[in-house]
Number of protein chains: 2
Amino acid sequence: MMFSKSCEYAIKAVIHLCMETRDGKRLSVADISEAIESPEPFTAKILQTLARHGFISSAKGPGGGFYIEKNAAPIVVMDLVELIDGDQAFNRCGLGLKECSEDHPCPIHNEFKSYSARLKKLLESKTIQQLAAEIKAGRAFLVNS
Amino acid sequence: MMFSKSCEYAIKAVIHLCMETRDGKRLSVADISEAIESPEPFTAKILQTLARHGFISSAKGPGGGFYIEKNAAPIVVMDLVELIDGDQAFNRCGLGLKECSEDHPCPIHNEFKSYSARLKKLLESKTIQQLAAEIKAGRAFLVNS
DNA sequence: CATATTTCGGATATGTATATCCGAAATATG
DNA sequence: CATATTTCGGATATACATATCCGAAATATG
């Protein structure tokens, strides 16, 4: 479990918004949770957090919903992960040591550090828009079958 | 969180046993949980599971405790992980898709697959005995400070 | 054989992520 | 202005990993 459920839903939701709201359309929580197969009220909470932090936009009232501004800057995947999961996913010792460093490494410190650092760098270079493009091209999927 | 708490304690406990019971000595739950800084009754459960599955040995009664047979085969770290955490840690889609494969990949499938496969292979090649040796040599640690 | 020690196994408690509920606020529409 | 729609925020519920408790079984020792 690299990411929490919340984080998985967040990534999926933003990808979906990115694909569906380019043209100014807005999506309700119901739309989104159905599309990404996530529980509706739980997804609502996550969307609200994302909106509060400016990753996505929202509008209340009829015809309202969530969306991404046309001229919005690309969203770095790692930024989403850090908002939702904090640095848990990547800065945590594999064996749970509070302080696990070069000077005081756990027995698998070097291995873990190397791999998590690589993955982190990768997620820092990927944007939601890039992932959305993969899906639009039919080379990747957000849900099963 | 790559591993569960249970799994972290399991790895630490077995490493500790490996270092301290070469000479036929046995360690009680109290000894072990103190050494690896883990909750005693919870650690007991994990040790019992490990014993039941033959990763370690146990003896009841006074002077009893847990230990590793002198002529026991080296313990592959990945085997421990698979017993305690199942294949959760390595065979799970980064975005939680039930079926995430070459044919039907999630947008980060390839990246995750590549990295988790490497890490898995690494843990399949590492033994508890090797990790214990690192600690004995003072190059790694099981607890803080 | 009585006792102390220790693991064993089942039941229970706690904490935290996950999930839901509900009333309030905002707003588009007629 | 009344109404329906939708997000917002706080409170509550659920599920599961984590942690604890307790009596029973085994066994070394005197």
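Bear in mind the structure is a predicted one, so any value in this text is a computation, not a measurement. Numbered from 1 within each chain, the chains take letters A, B, ... in sequence-line order.
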With the threshold set at under 4.0 Å for non-hydrogen atoms, list the residues of residues 34-49 of chain A touching DNA chain D in residue-number order. A/K45, A/Q48
Nearest to side-chain heavy atoms of B/F66, which nucleotide of C/dT7, D/dC8, C/dG9: C/dT7
Can you tell me how far the CG atom of A/L27 sits from the OG1 atom of A/T21, to the nearest 0.5 Å? 6.0 Å
Indicate whether the side chain of A/S38 and that of A/S33 have a donor and an acceptor atom separated by less than 3.5 Å. no
For the pair B/K121 and B/E124, evaluate salt bridge (Lys or Arg N to Asp or Glu O under 4.0 Å) and give the outcome as yes or no after the intermediate values. CA-CA 5 Å; B/K121 194 164 268 181; B/E124 281 167 347; over 6 Å; no
Mind checking whether A/F90 and A/L123 have side chains closer than 4.5 Å, heavy atoms only? yes
Given that B/K60 and A/Y9 both sit by DNA chain C, which one's nearest nucleotide is further toward the 5' end? B/K60
Taking only heavy atoms on the protein side, list every residue of residues 23-32 of chain B lying under 4.0 Å from any atom of DNA chain C, sorted numerically. B/L27, B/S28, B/V29
CD1 on A/I46 to CD1 on A/I56, rounded to 0.5 Å: 10.5 Å
Verify whether the ring centers belonging to A/F55 and A/F66 lie closer than 6.0 Å. no
Does a side-chain N or O of B/S58 approach OP1 or OP2 of C/dT6 to a distance below 4.0 Å, or not? no
Do the side chain of B/H104 and the main chain of A/V143 share a donor and acceptor less than 3.5 angstrom apart? yes
Rounded off to whole Å, could you give me the NE2-to-P distance for the B/H53 and C/dG9 pair? 11 Å
Between A/D85 (side chain) and A/S4 (backbone), is there a donor-acceptor pair under 3.5 Å? yes
Rounded to the Å, how far apart are B/F3 CZ and D/dA17 P? 17 Å
Consecutive-pair stems (at least three Watson-Crick or G-U pairs, under 3.5 Å) that include DNA chain C: C:1-30 with D:1-30
Here the distance between atom P of C/dT18 and atom NZ of A/K12, to the nearest Å, is 13 Å
Does a side-chain N-to-carboxylate-O contact under 4.0 Å join B/R92 and A/E8? yes
Do any N or O atoms from the side chain of B/N144 and from the backbone of A/L97 form a donor-acceptor pair under 3.5 angstrom? no
Passing option when A/H53 is tested against A/D79, A/I84, A/L83, A/L80 for side chain to side chain contact (heavy atoms under 4.5 Å, CB included): A/L83
D/dT27 P sits how many Å from B/Y67 OH, rounded? 11 Å
